[in-house]
Amino acid sequence: MQNTLCKGRFVAKFQSISSPFLSPPLLIITPEKLTSRSSRERKRNSGAERKYSRSKAMPCSSFVNSVEENGALRNFKLNESTFLASLMPKRETGADRFIEAHPDFDGRGVVIAIFDSGVDPAAAGLQVTSDGKPKILDVLDCTGSGDIDTSSVVKADADGCIQGASGASLIVNSAWKNPSGEWHVGYKFVYDFFTDALTSRLKKERKKTWDKKNQEAIAEAVKQLDELEKKHTKIEDANLKRDREDLQNRVDFLRKQADSYDDKGPVVDAVTWHDGELWRVALDTQSLEDEPGCGKLADFVPLTNYRIEQNFGIFSKLDACTFVANVYNEGNILSIVTDSSPHGTHVAGIATAFHPKEPLLNGVAPGAQLISCKIGDSRLGSMETGTGLTRALIAAVEHKCDLINMSYGESTLLPDYGRFVDLVNEVVNKHRLIFVSSAGNSGPALSTVGAPGGTTSSIIGVGAYVSPAMAYGAHCVVEAPSEGLEYTWSSRGPTVDGDLGVCISAPGGAVAPVPTWTLQRRMLMNGTSMSSPSACGGIALLISAMKAEGIPVSPYSVRKALENTSIPVGSLPEDKLSTGQGLMQVDKAHEYIQKSRDCPCVWYQIKINQAGKLTPTSRGIYLRDSCSCRQSTEWTVQIEPKFHEDASNLDELVPFEECIQLHSSGEAVVRAPGYLLLTHNGRSFNIVVDPTNLSDGLHYYEVYGIDCKAPWRGPLFRIPVTITKPKAVKNGLPLISFLGMSFLPGHIERSFIEVPDGASWVEATIRTSGFDTARRFFIDAVQISPLQRPKKWENVITFSSPSAKSFAFPVEGGRTMELSIAQFWSSGIGSHETTIVDFEIGFHGISINKEEVVLDGSEAPVRIDAEALLSSEKLLPAAILNKIRVPYRPVDAKLTALSADRDKLPSGKQILALTLTYKFKLEDAAEIKPQIPLLNNRVYDNKFESQFYMISDSNKRVYSMGDVYPNSAKLPKGEYNLRLYLRHDNVQYLEKMKQLVLFIDKNLEEKESIRLSFYSQPDGPVMGNGSFKSSVLIPGAKEAFYVGPPTKDKLPKHTPEGSVLLGAISYGKLSIGVQEEGKNPQKNPSSYQISYRVPPNKLDEDKGKGSSTTCTKSVSERLEEEVRDAKIKVFASLKQGTDEECLEWKKLSISLKTEYPKYTPLLSKILEGLLHENNVEDKIRHYEEIIGAADEVVDSIDQDELAKYFSLKSDPEDEGAEKTKKRMDTTRDQLAEALYQKGLALAEIESLKGEKASALASTKGPEVVDRTDDQSAPDADVQQDPFEENFKELKKWIDAKSSKYGTLLVTRERRSGRLGTAMKVLNGMIQDDGEPPKKQLYELKLSLLNEIGWGHLVAYEKQWMHVRFPASLPLF
């Protein structure tokens, strides 16, 4: 999505229509993973007059429209009908006039692909077209974020019951046809389908229900405790004390649950099957419903792929969220499609909504149909992915769409470049789809257009326009502006390679349909996201007319008609950089298309090089820096006519010949030849640009070609020439002021400044005066450097009263900086007061000899040479290392061919996927971020199609996901797998990536961060002298100092050799504001990266000690011990998977016991082997064998000797004592383990016998059990409890509450009926247990909760079981 800050977020802002505002909203749709990338999205505007030199007017259209049509309306008023019309603007573009004149050309016969966050098929106005056809032909999730793995196949039992993937028992409807009897099952958390806004609403509702149940449980527990205390006023008996403690533990546990409640959402079971004709889908949503019996699988009305029957479902009444189902890969993948924000539905509504009862609220083309291609990944908060973009293009071609609208984008490193751009070019040039996209919301500065809409030649990029009617009606301002203008935040051209950037403009705000889950029908949003579908709907009207009139549809001819019939917005030549060719006019474009129907469908590709240079090649001329403005330059222009791929050589290419007259809009500055004869093979010519006599500021010109035989066609091609002549800092003082600037709403002042060499940061102050009501200003500073995204600093300041504000930001010396100051288009409307602004800039800089400081891991410091080139500066160096970067290579690489269902390109090429697996370990909990330098931070300007990663633990729990913009994730201590997923159709590219290096960046905590020291002497780090603190740099004089490496004792623990410590270093002190001097150089506007390569670890001095100790045993004794230990080692490695293996294991155990009786290590291994036996039929006998093996271990140990040893202190300096300690520790552990396992076995036998007794009672009646109880009762008084005796013995040696042995304590409390105490012990074990969590502990917790009867906690823990211990990893 379009936003330089948000890196791919959609370009709209919105608010409910029920909440009108006086100034534009800042509320943003944020399923914020959105905030993980940015906290806001900027909206800007242009259109005010600016004080630049005038030049010859340029042709914008061959049809001239009146100024009134541009919205120059004073004393503006609305009635009810015009108010409603302003909510869905169509008059501005002539769409209403066109439909009124041609009611059947309202988009009928046109299919639009909406590349966005998903479209809700239940939203208002999106069910049918104006001629009664289905509005939405298909709904697709191209990202895979809604995919469910349904590769697991089950069969129903005699009762029609199947086991769902979640473990739930599900009843299938007997009326469902399933000839094969195979049911594909899968599951997913329902919150994975929802936006953050919807999830937040549901969590609040569910929390209310949960709190009620928990309070009821607390009340019951308190009641039981109270009854006990009333019954026993004086509790002295030990058992009563334990009972009271147990009840108190229950109360405490319930209260803590309320504090730690974290709702991960219900699990939805999904089932797919083939009914003999189609794949069918059903969901079990009982977990979403409050009423028992609702949401059962058998009651679900089965769905199939949306394009077949156009049916959809709703999860529940509470969420009101619509979903669509699509089945892929022979039933093995189920895609549940929901939207990732209201944005896509709103966009679709602007383009095509049809409201038969409210025609004024119709979309621009109510007769058009659409397909929804969700490119906004729900896992990433609606960020687009390469996978989503590619699949969307595939779907658009497959459905034979006429148009694509994409209201997404971001800034780019290289314009008109990348994998997606290549695929778009193929779709446009070969398949004749017309691609329309938003220009961006990053204005008002120049060169802020985003990719792909503003930077791709084959895409129509649309800017955002606001008319007086829109302002007065939709935006509810107190007074309409006197004329229409571009929104302040609308992105501006040119692109960095000189192309215009914005093609046309269209209304950039509307009240349009939104998804049902928002619990409202419509919402106001504004952004270039809204102008793009407005233009797209207008183009749909043109295509509808062209099809009806038999005119061939071509992206080339339609674009030419739009550009040559648009109305200029603004009166200055440079306004084209804001608005493109102007506000599109549907009716005039239609007339142009009719008149030019016999003209060739040609796109004129422009390639420009500076004379004498082969690179770089550009699409326009952009002179921005001062060196380019001091002399004339000559440029070679290559014009190449491009036909569609299916054009006939003989009928179209050979006859093509045009005599073109070349014109320059400013002949004093831009000179070109007079005429050009153009044939299919193209022609080149030279133009000369002489900016030497221009005044400072912005100047825009065009060289355009007119068909001599048909001048009515208007410009066939345009060569943009943009010159920003910067103002130099004079008199040697690095200060520049702009005083007395006057601002009205929407006015923009642009200043271009030659940043002095040596400047690295700016300190600026803005002062305002002359107004009473609040004023809002957008301030941008932009610089452009080769092969970098435009460097942009931006700020939005609201002045509630006249005042001053100061700020600082980084700059690059020697390059032109645009300073753009804009009063927001609606700020101050109605006050009629001019705001006076003074803006002062001071340039500062400390020039150093190293932009990046690298400490090589040795003890040597690095010398820094510092110099102030502009004025005296305070030299106050500060450096910090606060991040560790560790490199990893994959441990596994798997290359697969993807399914042809949705991953086969229109060219027929099959997309392949490479999955790389990396392993890393965290010794402590940490915040980490994966980095792939080759691929990160580029979506559109990347030749690789897609990347996606998941971080999971050994239990398959996913902790983090990300794509080209990795996310920071807080991970607990433990071992992790990172799977990286790469896609491309070229197998050679993927093969080269099989050893791709990945970095894991770990942020250090504040206490671990290393602050580096500075010295005036090279020996300072070792000698500790010559500390350097600060100095004053005088221009022309250099000063040197040293930055020392960190001391080895300051290095973070567990820092591996070969890793790198990263941080920042700064040198200057700000003269404004408050700076934490020497504490955080990253807050300094001019800071640089510093790194330290971690050297090899020091040798362990103790390593090898004791290896020469004299051995007192003979060779034969040592040999006998070695043979014994080897036998035991082999024995321990034996498997017991089959009956034969078990038999062999038992034979060998008996043989070894005979050979080495009473040898504790052997007996411990035998016990360990019994514990790992599988497929045990007679469980009681098995546990009796375990008890016997445990007794043998216990009997083999001299417990008196062991107790005597641990009662005495050993000498840590005595080497022999250390060996004895190690042996005794091992023996104690073996004893404790034997007693522990014996206790568990005793409890299991007791439980199994209890189950048998219960079964006997159910078959022979209760009296049998009672009689047994009566007979055994007297013995129970005499006999001792073996479990308790064993437990007492174990407590002599270990802490029974430790996580290792706590299970036995839990069992003890449970068998005594003290379930609250058992739960307390178990919770302590879980908290003490290292990562990853052990599943058996949580299963034990579930069984305790079940036994207590806390159903709400049972359901809660079951949800968390799916989080902690998923059956499989999710699909990419």
Side-chain angles (χ1 to χ4, degrees), residues 141-152 186 188 192 328-330 332-335 377-380 383 385-391 394 419 887-905 909-921 928-936 938-939 942-967 969 971 975-1000 1366-1372:
D141 178 2
C142 300
T143 68
S145 57
D147 286 0
I148 301 176
D149 183 352
T150 51
S151 58
S152 178
K188 202 174 182 76
D192 291 346
Y328 302 108
N329 197 15
E330 296 299 313
N332 292 318
I333 295 177
L334 168 62
S335 173
D377 197 306
S378 295
R379 298 168 293 188
L380 306 177
M383 172 80 186
T385 62
T387 298
L389 292 167
T390 302
R391 284 177 174 169
I394 293 170
R419 166 76 166 169
Y888 294 90
R889 284 199 185 272
V891 297
D892 183 56
K894 186 177 181 182
L895 188 63
T896 55
L898 297 175
S899 167
D901 287 356
R902 51 181 175 172
D903 291 311
K904 190 172 185 178
L905 295 171
K909 294 181 179 179
Q910 190 68 45
I911 298 174
L912 308 173
L914 174 66
T915 305
L916 302 175
T917 303
Y918 302 82
K919 292 184 178 293
F920 65 95
K921 183 177 182 180
I928 65 102
K929 178 189 283 189
Q931 301 279 8
I932 310 166
L934 176 66
L935 302 174
N936 285 163
R938 293 185 293 142
V939 176
N942 192 332
K943 286 292 185 178
F944 257 85
E945 176 185 307
S946 180
Q947 55 184 290
F948 200 95
Y949 71 84
M950 296 183 188
I951 299 175
S952 58
D953 64 12
S954 57
N955 289 323
K956 300 185 180 70
R957 177 181 177 180
V958 175
Y959 281 85
S960 180
M961 298 181 184
D963 65 333
V964 295
Y965 298 106
N967 296 313
L971 303 182
E975 296 182 354
Y976 295 92
N977 292 331
L978 185 150
R979 293 188 304 148
L980 177 64
Y981 181 76
L982 304 173
R983 292 164 44 109
H984 207 282
D985 61 271
N986 190 316
V987 67
Q988 294 179 341
Y989 293 166
L990 294 175
E991 287 286 350
K992 291 179 180 179
M993 306 294 276
K994 283 189 172 180
Q995 289 299 314
L996 182 68
V997 172
L998 173 142
F999 294 126
I1000 298 292
S1368 60
L1369 288 165
L1371 300 172
F1372 282 103

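Computation of the quantities below employed the complete heavy-atom set of this structure, encompassing side-chain atoms and omitting hydrogens, waters and symmetry-equivalent molecules.
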Trainee: Taking ring pair (Phe, Tyr, Trp, His ring centres under 6.0 Å) as the test, write out the residues that go with Tyr918, two or more places apart.
Mentor: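 With neighbours one apart ignored, the set is empty.
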Trainee: Do Arg902 and Cys142 have side chains that approach each other closer than 4.5 Å (heavy atoms only, starting at C-beta)?
Mentor: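 When only atoms from C-beta onward are counted, Cys142 and Arg902 do not touch, as no gap falls below 4.5 Å.
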Trainee: Do side-chain atoms of Gln910 reach the backbone of Ala897 as a donor and acceptor pair under 3.5 angstrom?
Mentor: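 No; zero donor-acceptor contacts below 3.5 Å.
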Trainee: Listed by chain and number, what are the side chain to side chain donor-acceptor pair (under 3.5 Å) partners of Arg938, not counting sequence neighbours?
Mentor: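 If we apply the side chain to side chain donor-acceptor pair (under 3.5 Å) test to Arg938, skipping adjacent residues, there are no hits.
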Trainee: For Leu1371, does its backbone N or O pair with a side-chain atom of Asp147 as donor and acceptor, under 3.5 Å?
Mentor: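 No; judged by distance alone, with no hydrogens or angles, the pair does not exist.
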Trainee: State which residues pass ring pair (Phe, Tyr, Trp, His ring centres under 6.0 Å) with Phe999; sequence neighbours excluded, sorted by chain then number.
Mentor: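 Phe999: no ring pair (Phe, Tyr, Trp, His ring centres under 6.0 Å) contacts found.
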Trainee: How many angstroms lie between atom CZ of Phe1372 and atom OG1 of Thr915, to the nearest 0.5 angstrom?
Mentor: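 Going from the CZ atom of Phe1372 to the OG1 atom of Thr915 covers 5.5 Å.
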Trainee: Test of understanding: with side-chain contact (heavy atoms from CB on, under 4.5 Å), list the residues that count as partners of Ser151, not counting sequence neighbours.
Mentor: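 Here the qualifying residues are Asp149, Asn332.
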Trainee: Test of understanding: with side chain to side chain donor-acceptor pair (under 3.5 Å), list the residues that count as partners of Ser946, not counting sequence neighbours.
Mentor: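 Once residues adjacent in sequence are excluded, the partners of Ser946 under the side chain to side chain donor-acceptor pair (under 3.5 Å) criterion are Thr387.
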Trainee: Please enumerate all residues that pass side chain to side chain donor-acceptor pair (under 3.5 Å) together with Lys909, with sequence neighbours excluded.
Mentor: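 In terms of side chain to side chain donor-acceptor pair (under 3.5 Å), with neighbours along the sequence ignored, Lys909 is linked to no residue.
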Trainee: How would you list, by chain and number, every residue that makes a salt bridge (charged side-chain N to carboxylate O under 4.0 Å, His left out) with Asp903, sequence neighbours excluded?
Mentor: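 Here the qualifying residues are Arg391, Arg983.
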Trainee: Parallel under 30°, tilted from 30 to 60°, perpendicular over 60°: which one fits the rings of Tyr888 and Phe920?
Mentor: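 Taking Phe920 first and then Tyr888, their aromatic rings sit tilted (interplane angle of 30° to 60°).
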Trainee: Less than 4.5 Å apart, any side-chain heavy atom of Pro890 and any of Thr917?
Mentor: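 Heavy-atom side-chain distance check fails, nothing below 4.5 Å.
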Trainee: Can you name the ring pair (Phe, Tyr, Trp, His ring centres under 6.0 Å) partners of Tyr989, sequence neighbours left out?
Mentor: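 Residues passing ring pair (Phe, Tyr, Trp, His ring centres under 6.0 Å) with Tyr989: His984.
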Trainee: Quick one: list whatever passes side chain to side chain donor-acceptor pair (under 3.5 Å) with Glu991, sequence neighbours left out.
Mentor: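 Only Lys994 meet the side chain to side chain donor-acceptor pair (under 3.5 Å) criterion with Glu991.
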Trainee: Tyr328: what forms a ring pair (Phe, Tyr, Trp, His ring centres under 6.0 Å) with it, not counting sequence neighbours?
Mentor: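 Not a single residue meets the ring pair (Phe, Tyr, Trp, His ring centres under 6.0 Å) criterion with Tyr328.
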Trainee: With sequence neighbours excluded, give me every salt bridge (charged side-chain N to carboxylate O under 4.0 Å, His left out) pair touching residues 888-901.
Mentor: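 Output for this query is empty, none listed.
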Trainee: If we only count heavy atoms from C-beta on, is the Val939 to Tyr965 side-chain gap below 4.5 Å?
Mentor: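 Yes, close enough: below the 4.5 Å cut-off.
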Trainee: I'd like to check Ile911 versus Ile394 (side-chain heavy atoms, cut-off strictly below 4.5 Å). Are they in contact?
Mentor: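 Yes, close enough: below the 4.5 Å cut-off.
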Trainee: With sequence neighbours excluded, tell me which residues meet side-chain contact (heavy atoms from CB on, under 4.5 Å) with Lys919.
Mentor: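 Counting only residues at least two positions away or on another chain, Lys919 forms a side-chain contact (heavy atoms from CB on, under 4.5 Å) with Val891, Asn977.
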